[in-house]
Engineer: 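Please read through the structure below; I'll follow up with questions.
This one's a predicted model, so the numbers in the text were calculated from it and none came from an experiment. Each residue takes its place number in the sequence, starting with 1. What's counted below: heavy atoms across the whole structure, side chains too, no hydrogens, waters or symmetry copies.
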Amino acid sequence: MKKVILILGVFFTFIGTGLAQKNITAASDANAPLHALQPDYPTPYVVPNEAQIKATVDKVYVYLEKATPANLIHKASGEGWNPYQIYSDQLVFAKGDFRPVSYEFGVTYNGMLALEKVSGDAKYKEYVFKRLKFILETLPKAYQYTQQNPTKSHVLSGLINPKALDDIGAMSMAFLKAKRAGFDGDDSLITQKALNFILKEEHRLPDKTLARMRPLPNTIWLDDLYMAIPSLLQLGKDSVNVNCFNEAVFQFESYQKRMFNPSLGLFMHGYLEGSEEHPEFHWARANGWALLTNAELLEYLPANHPARPALLIQLKKHLKGLMAFQDGTGFWHQLIDRNDSYLETSATAIYTYVLAKGINQGWLDPRTYGPAAILGWQAVASKVNAQGQVDGTCVGTGLAWDPAFYFNRPISPFAAHGYGPVLLAGAAMWEMMKNHSFEVKDSAIHLR
């Protein structure tokens with residue numbers, strides 16, 4: 001028994017030592033100002049400048065330019081295809097790391113457009129326009145093929161015959177934002193399909209809240225806030241259709257009342273209609289989609305929309321909850337309130353983006369929110385590797401009612417979910433550093 005106690009004592013001493021402050025100093029007040037000693041920060045605790053931010057996002061841009069092809073090939077022969085040839089389900093995207101048609105790349109296009117706006121560098125916009133033009137050039141043949149072969153799936157099926165909000169919501173948002181940035185392609189087929197699918201075709205609960213029939217009937221996924229609402233906002237702005245704005249607000253409020261835990265300031269990932277109990281798993285990226293959607297609502301709803309004050313209050317409640325769980329490294333955990341889950345990049349990038357965006361828009365006080373944004377950005381920047389890939393991103397994730405599922409989701413630099421958030425965070429941080437000056441004062445980062 002004594003041996004067991006001794007082993008446990010050594011074990012807990014080791015654990016305690018591992019968690020203790022590492023940079024113990026032998027100095028004393030007699031020979032050094034202890035308060036001014038440099039801590040052993042795991043993430044650079046410095047104020048980034050515009051050049052550093054640009055260097056980080058440009059590495060990502062260079063990688064994505066090579067990794068996202070804008071052409072199709074014949075699967076069997078590998079030969080290139082052009083819109084004058086016959087379209088079929090035997091066509092695939094040319095070799096690359098990502099597909100340029102996905103909700104993840106709807107976010108990526110959004111990030112590129114934001115970078116062009118803050119930097120004035122047309123290369124970011126041209127990246128988007130090149131790929132959207134390719135999609136629109138291919139679409140007529142793909143649409144005709146779908147009409148003739150309605151049961152066959154192909155690379156553009158999601159835009160023509162969507163089966164889920166993931167297929168078309170974020171992509172239609174990207175087309176509409178690109179149009180406002182000068183893209184002149186005819187996106188009406190995609191945007192009209194998005195409007196019909198979101199408003200009329202996607203499954204809903206009896207009270208009209210958007211829901212899924214998987215993994216169980218009438219399941220609400222927090223992710224769907226972003227898969228539907230930003231598109232609705234752009235569709236409303238494009239057509240001055242107040243119904244789109246009101247629908248966007250209705251959906252956000254419906255999810256909020258079911259899934260937001262006000263005592264924690266966090267959203268649960270999933271909700272099962274009709275269940276008496278709802279196990280709460282506060283998955284980081286899903287909270288990111290909700291936060292990002294809230295920011296989109298504040299940016300694009302009409303200035304006189306009556307929902308705006310409540311949406312700003314909700315944004316601050318959510319950020320208060322999130323900031324309480326920011327790790328000392330600057331990251332957030334895969335399950336936000338479980339610090340034994342891994343640190344995750346895409347969610348950290350989204351939170352950083354909204355913090356900086358909120359400061360840029362005047363929604364948030366730079367004195368109290370700016371340091372958290374800076375710490376988050378330094379964490380995100382540390383995950384952009386030499387090739388421009390984003391490390392530490394959780395792969396695509398379903399919904400579960402147990403922690404093991406979330407704890408053990410793989411991470412990969414080929415998880416496309418990380419790239420748009422990093423670009424958005426870079427754009428917002430770039431703008432924040434243009435307009436606000438921060439410094440290390442009394443050993444901590446503060447607004448100058």
Engineer: Please round to the nearest 0.5 Å and tell me the distance separating atom CH2 of Trp430 and atom CD of Gln52.
Structural biologist: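 Going from the CH2 atom of Trp430 to the CD atom of Gln52 covers 12.5 Å.
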
Engineer: Please work out whether the ring planes of Phe105 and Phe98 are parallel, tilted or perpendicular, with thresholds of 30° and 60°.
Structural biologist: tilted

Engineer: Indicate yes or no: at least one non-hydrogen side-chain atom of Asn82 is less than 4.5 angstrom from one of Asn71.
Structural biologist: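 Contact flag for Asn82/Asn71 side chains = no.
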
Engineer: Within this structure, what is the CG-CG distance for the pair Leu266 and Leu335, rounded to the nearest 0.5 Å?
Structural biologist: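 Interatomic distance, Leu266 CG to Leu335 CG, rounded to 0.5 Å: 10.5 Å.
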
Engineer: Evaluate the ring planes of Tyr87 and His154, with Trp represented by its six-membered ring, and classify them as parallel (under 30°), tilted (30 to 60°) or perpendicular (over 60°).
Structural biologist: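 Tyr87 vs His154 ring planes: perpendicular.
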
Engineer: I'd like to know whether CZ of Arg180 has more than 12 heavy-atom contacts from other residues, nucleotides or ligands below 6.0 angstrom.
Structural biologist: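 Above 12, so yes.
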
Engineer: Take atom NZ in Lys320; do more than 12 heavy atoms of anything else shown fall under 6.0 Å from it?
Structural biologist: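 No, the 6.0 Å shell around NZ holds no more than 12 heavy atoms from other groups.
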
Engineer: Taking everything shown except Glu439 itself, do over 12 heavy atoms lie less than 6.0 Å from its CD?
Structural biologist: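 Counting neighbours around CD of Glu439, more than 12 heavy atoms of other residues, nucleotides or ligands fall under 6.0 Å, so yes.
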
Engineer: Could you tell me the separation between the CH2 atom of Trp377 and the OG1 atom of Thr348, rounded to the nearest 0.5 Å?
Structural biologist: 12.0 Å

Engineer: Crowded around Lys179 NZ? As in, over 12 foreign heavy atoms under 6.0 Å?
Structural biologist: yes

Engineer: Could you check if a side-chain atom of Leu159 sits within less than 4.5 angstrom of a side-chain atom of Lys193, using non-hydrogen atoms only?
Structural biologist: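 Counting from C-beta outward, Leu159 and Lys193 never come under 4.5 Å.
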
Engineer: Does any non-hydrogen side-chain atom of Gln334 lie less than 4.5 Å from one of Cys394?
Structural biologist: yes

Engineer: Tell me if the centroids of the rings in His282 and Phe325 come within less than 6.0 Å of each other.
Structural biologist: no

Engineer: Are Arg131 and Tyr127 in a cation-pi contact, defined as NZ or CZ under 6.0 Å from the six-membered ring centre and within 45° of the axis?
Structural biologist: yes

Engineer: For the NE2 atom of His269 and the CG atom of Leu399, what is their distance to the nearest 0.5 Å?
Structural biologist: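 It is 5.0 Å, given to the nearest 0.5 Å.
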
Engineer: Do His333 and Arg338 touch side chain to side chain, with heavy atoms closer than 4.5 Å?
Structural biologist: no

Engineer: What is the minimum heavy-atom distance between Met429 and Ala373, and which atoms define it?
Structural biologist: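 Scanning both residues completely, I find the closest heavy atoms to be SD-O, 3.9 Å.
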
Engineer: Distance alone, cut at 3.5 Å: any donor-acceptor contact between the side chains of Arg285 and Ser346?
Structural biologist: yes

Engineer: Applying the side chain to side chain contact (heavy atoms under 4.5 Å, CB included) criterion to Leu355, which one of Met432, Gln326, Met323 satisfies it?
Structural biologist: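 Answer after filtering Met432, Gln326, Met323: Met323.
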
Engineer: Any cation-pi pair here, Lys152 with Tyr145, using under 6.0 Å and within 45°?
Structural biologist: no

Engineer: So do the side chains of Thr138 and Leu91 get within less than 4.5 Å of each other, counting heavy atoms only?
Structural biologist: no

Engineer: Can you confirm whether Phe407 is buried at CZ, in the sense that more than 12 heavy atoms of other residues, nucleotides or ligands lie under 6.0 Å from that atom?
Structural biologist: yes

Engineer: State, without any angle test, whether His74 and Ser88 hold a side-chain donor-acceptor pair at a distance under 3.5 Å.
Structural biologist: no

Engineer: Given Tyr124 and Asp58, is the side-chain hydrogen bond (donor to acceptor under 3.5 Å, both in side chains) satisfied, shown in steps?
Structural biologist: CA-CA 9 Å; Tyr124 304 115; Asp58 275 351; 2.5 Å; yes

Engineer: Between Tyr271 and Trp221, is any pair of side-chain heavy atoms under 4.5 Å apart?
Structural biologist: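 Side chain of Tyr271 against side chain of Trp221, heavy atoms only: no contact under 4.5 Å found.
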
Engineer: Look at the side chain of Thr345 and the backbone N and O of Val380, then say whether any donor-acceptor pair between them is shorter than 3.5 Å.
Structural biologist: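 Side chain of Thr345 to backbone of Val380: no pair is present.
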
Engineer: Decide yes or no on side-chain hydrogen bond (donor to acceptor under 3.5 Å, both in side chains) for Ser231 and Ser172, but give the supporting numbers first.
Structural biologist: CA-CA 6 Å; Ser231 179; Ser172 63; 2.6 Å; yes

Engineer: Just by distance, do the side chain of Asn161 and the backbone of Ser157 share a donor-acceptor pair under 3.5 Å?
Structural biologist: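 Such a contact is absent between Asn161 side chain and Ser157 backbone.
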
Engineer: Indicate whether any N or O donor in one side chain lies under 3.5 Å from an N or O acceptor in the other, for Gln314 and Asn294.
Structural biologist: no

Engineer: Indicate the ring-plane relationship of His417 and Tyr103, choosing parallel, tilted or perpendicular according to the 30° and 60° boundaries.
Structural biologist: perpendicular

Engineer: Which of parallel (below 30°), tilted (30 to 60°) and perpendicular (above 60°) describes Tyr351 and Trp332?
Structural biologist: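 Aromatic pair Tyr351/Trp332 classed perpendicular.
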
Engineer: Could you check whether the rings of Tyr406 and Trp283 sit parallel, tilted or perpendicular, using 30° and 60° as the cut-offs?
Structural biologist: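 The rings of Tyr406 and Trp283 sit tilted, inter-plane angle from 30° to 60°.
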
Engineer: Could you check whether any side-chain heavy atom of Leu423 comes within less than 4.5 Å of a side-chain heavy atom of Met112, counting everything from C-beta outward?
Structural biologist: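 Side-chain contact under 4.5 Å: yes.
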
